[in-house]
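Taking it in order: structure first as structure tokens, then the write-up.
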Protein chains: 2
Amino acid sequence: MTCVLVVDDEPQMLRALHLNLTARGYDVVTAEDGTAALNQLALREPDVIVLDLGLPDIDGLDVIRAVRTGSQVPIVVLSARVGSSDKVSALDLGADDFVTKPFDMNELLARLRAATRRAAPEPVRRGRVEFGGAEVDLEAKTATREGAPVHLTPTEWHLLELLLRNPGKLITQRHLLTALRGQPDHTDPSYLRIYMAQLRKKLEQEPGRPRHLLTEPGMGYRFNP
Amino acid sequence: MTCVLVVDDEPQMLRALHLNLTARGYDVVTAEDGTAALNQLALREPDVIVLDLGLPDIDGLDVIRAVRTGSQVPIVVLSARVGSSDKVSALDLGADDFVTKPFDMNELLARLRAATRRAAPEPVRRGRVEFGGAEVDLEAKTATREGAPVHLTPTEWHLLELLLRNPGKLITQRHLLTALRGQPDHTDPSYLRIYMAQLRKKLEQEPGRPRHLLTEPGMGYRFNP
DNA sequence: CGCACCCATCAAGAGTTCGTCAAGACACCG
DNA sequence: CGGTGTCTTGACGAACTCTTGATGGGTGCG
């Protein structure tokens with residue numbers, strides 16, 4: 001099911017969009033400000049974002065910038081600002097479309113379809129990954145090392161999945177933390193270290209010298225296939 | 001150079017678009033009806049199409065259908081029809097965007113940039129940059145020189161990103177310092193030199209004679225692609 | 001030629017982050 | 001109620017990064 005993240009500070013608008021999108025078969029996630037939007041982005045990885053530019057905490061353009069630094073998810077901007085300069089800025093910052101309020105719901109839905117259709121060739125997300133002497137099946141939730149079955153806890157699975165689904169890509173510790181817990185508990189990288197250590201102990205051949213679950217000091221972690 | 005095919009039956013509109021697009025560095029091809037458009041499409045393989053729906057010979061929607069049977073080239077529809085049903089039809093038939101006349105030229109240009117950007121090859125869209133013998137992926141935070149992986153520290157990444165995201169543009173020392181640290185407390189350029197030296201040592205072929213990470217004495221630094 | 005200026009490079013201490021061990025808190029289940 | 005497994009927090013040595021100072025090379029100017 002297509003997941004759409006709707007960001008708008010007006011509860012009324014949020015409700016209307018939620019209603020229409022849900023009726024159309026979308027899986028809808030909402031956020032009322034930029035901070036919540038970025039958190040939801042890390043938590044749910046939506047397939048498309050509907051973004052109002054007038055947010056209470058962060059400027060909409062900065063939200064676009066922030067999203068684009070870590071994701072290529074399509075963004076459809078929804079705004080009451082009619083000036084062309086806002087449109088140009090938003091589109092040049094990486095937004096995919098711009099709809100001015102008031103808008104026709106059918107048009108918005110069509111634009112959403114166009115945006116998701118373009119992004120359709122998603123990065124192939126295989127469920128099976130093999131590295132070192134370990135074999136992981138993300139869908140069956142099974143893992144083995146040297147043929148022997150390995151048991152992983154829910155949190156370990158969550159963390160492992162985030163890394164394995166983005167092979168070679170660095171994942172920020174902030175990103176990992178917001179995904180594991182609901183909020184980035186400002187100072188808790190030690191939390192991640194524990195689970196990375198667990199994963200390495202269970203999956204790496206030399207947990208002391210990891211070859212696939214790598215640390216990028218000061219930034220985050222990376223899965224090296 | 002980006003090639004854009006403009007399809008419109010009004011000579012005046014064609015001229016206006018031709019003028020503006022050429023001035024923006026586009027390679028412009030024009031067609032006054034659907035038949036000519038499809039011919040041009042086969043001949044030139046444009047990078048993006050600007051299509052008016054009101055054509056004398058073929059209905060605009062049919063043109064979209066025809067284009068989409070053989071090509072994925074982005075289509076930006078330009079139309080005087082304001083009804084939402086036309087927009088929905090056009091978008092669902094495979095158009096990428098819909099602009100109603102009268103339109104703002106800057107907005108159209110921004111939408112064209114957005115359309116071409118999406119269709120750009122994956123590496124470019126993903127923030128991959130290549131220069132000298134080095135290859136940098138700003139999103140995955142990976143870098144290689146002569147194929148060998150290179151490790152960069154957070155500050156090095158930050159500095160490199162500032163330079164690479166503004167190719168050819170000079171970046172002031174002050175600007176770099178305020179970005180790296182919170183404040184230009186001590187406008188000490190020696191701080192920058194250390195990190196520029198690091199980047200050059202890691203990425204340039206001849207760190208002593210940088211060809212891409214250049215110094216502008218007394219001003220700042222510049223990335224030369 | 002000496003001087004001032006800016007830049008590049010080397011070296012070393014300070015500061016931060018990482019990996020590991022250990023122990024308490026919590027929920028689930030027999 | 002006790003046992004098991006999981007989550008969460010704190011502490012400490014080790015590794016890494018940041019930051020500063022000092023030295024040397026090049027250029028323009030009096």
Side-chain angles (χ1 to χ4, degrees), chain A residues 141 143 149-163 170-222 224, chain B residues 141 143 149-163 170-174 176-222:
Chain A
K141 289 275 183 292
V150 172
H151 175 74
L152 299 180
T153 72
T155 309
E156 286 164 7
W157 272 115
H158 199 167
L159 178 56
L160 185 62
E161 186 163 357
L162 286 169
L163 292 167
L170 179 133
I171 320 258
T172 312
Q173 36 200 16
R174 180 183 187 81
H175 191 104
L176 292 172
L177 280 169
T178 58
L180 292 187
R181 338 179 104 183
Q183 286 282 347
D185 261 279
H186 272 304
T187 52
D188 260 30
S190 70
Y191 182 85
L192 287 178
R193 293 188 211 123
I194 301 295
Y195 280 99
M196 286 305 297
Q198 289 289 337
L199 287 179
R200 296 207 256 240
K201 196 190 298 179
K202 292 179 178 179
L203 297 174
E204 287 274 4
Q205 288 170 328
E206 288 182 273
R209 273 190 199 67
R211 295 169 48 88
H212 302 97
L213 302 173
L214 306 179
T215 301
E216 296 287 337
M219 302 197 287
Y221 293 88
R222 178 199 309 277
N224 179 22
Chain B
K141 291 277 185 294
V150 172
H151 178 79
L152 301 180
T153 71
T155 309
E156 286 164 6
W157 273 115
H158 200 167
L159 177 57
L160 184 62
E161 187 161 357
L162 286 170
L163 293 168
L170 179 134
I171 315 208
T172 314
Q173 299 178 343
R174 183 172 208 84
L176 292 172
L177 280 168
T178 56
L180 292 188
R181 339 181 91 181
Q183 286 283 345
D185 46 350
H186 233 256
T187 61
D188 184 12
S190 73
Y191 181 85
L192 287 178
R193 294 188 202 119
I194 300 294
Y195 281 101
M196 286 304 299
Q198 288 290 337
L199 287 179
R200 285 169 177 157
K201 195 192 300 180
K202 292 179 178 179
L203 297 174
E204 287 273 5
Q205 287 169 329
E206 289 181 89
R209 285 197 184 61
R211 295 170 48 88
H212 301 97
L213 302 172
L214 306 180
T215 301
E216 298 286 337
M219 317 257 292
Y221 294 88
R222 177 200 310 276

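What you are looking at is a predicted structure, and each value in this text was computed from that prediction instead of being measured.
Gln173(A) comes within 4.0 angstrom of sugar-phosphate atoms only, judged by non-hydrogen atoms across all strands, and of no base. Tyr221(B) comes within 4.0 angstrom of the backbone, heavy atoms only, and of no base. Heavy atoms of Thr155(A) sit under 4.0 angstrom from primed sugar atoms or phosphate atoms, though from no base atom.
At least one side-chain heavy atom of Arg222(A) sits less than 4.5 Å from a side-chain heavy atom of Lys141(B). Contact check for Tyr221(A) versus Glu216(A): no side-chain heavy atoms found under the 4.5 Å cut-off. Counting only heavy atoms from C-beta outward, the side chains of Glu156(A) and Lys202(A) approach each other to under 4.5 Å. Counting heavy atoms from C-beta on, the side chains of Tyr191(B) and Arg181(B) come closer than 4.5 Å.
For Arg193(A), taking side-chain heavy atoms from C-beta onward, the closest of the listed nucleotides dG19(C), dT9(C), dC16(D) is dG19(C). Nearest to the side chain of Tyr195(B), among dT19(D), dT17(D), dT20(C), sits dT19(D). Residue Arg181(B) has its side chain nearest to dT20(D) when only dT17(D), dT20(D), dC7(D) are considered.
Rounded to a whole Å, the CZ atom of Arg209(B) is 15 Å from the P atom of dG25(D). Taking atom CD of Glu216(A) as the reference point, atom C1' of dT17(D) lies 13 Å away to the nearest angstrom. Spacing between atom CG of Leu213(B) and atom C1' of dC7(C) amounts to 15 Å, rounded to whole angstrom units. Residue Leu192(B) contributes atom CG, which lies 14 Å from atom C1' of dC18(D) at whole-angstrom precision. Note: CE (Met219(A)) to P (dC18(D)) measures 9 Å, nearest angstrom. Distance Met196(A) CE to dC7(D) P: 15 Å, rounded to the nearest Å. Nucleotide dA22(D) holds its C1' atom 11 Å from the CD1 atom of Ile194(B), rounded to whole Å. Summarising the geometry, the separation between NZ on Lys202(B) and P on dA8(C) is reported as 17 Å, rounded to the nearest angstrom.
Residues satisfying the ring-ring contact (aromatic ring centres under 6.0 Å, His included) test with His212(B), not counting sequence neighbours, are Phe131(B).
Within the 4.0 Å cut-off from OP1 or OP2 of dT17(C), not a single side-chain nitrogen or oxygen of Ser190(A) is found. Distances shown here put every side-chain N or O of His151(B) at or beyond 4.0 Å from the OP1 or OP2 atom of dC16(D). Residue Arg200(B) places at least one side-chain N or O closer than 4.0 Å to OP1 or OP2 of dA8(C).
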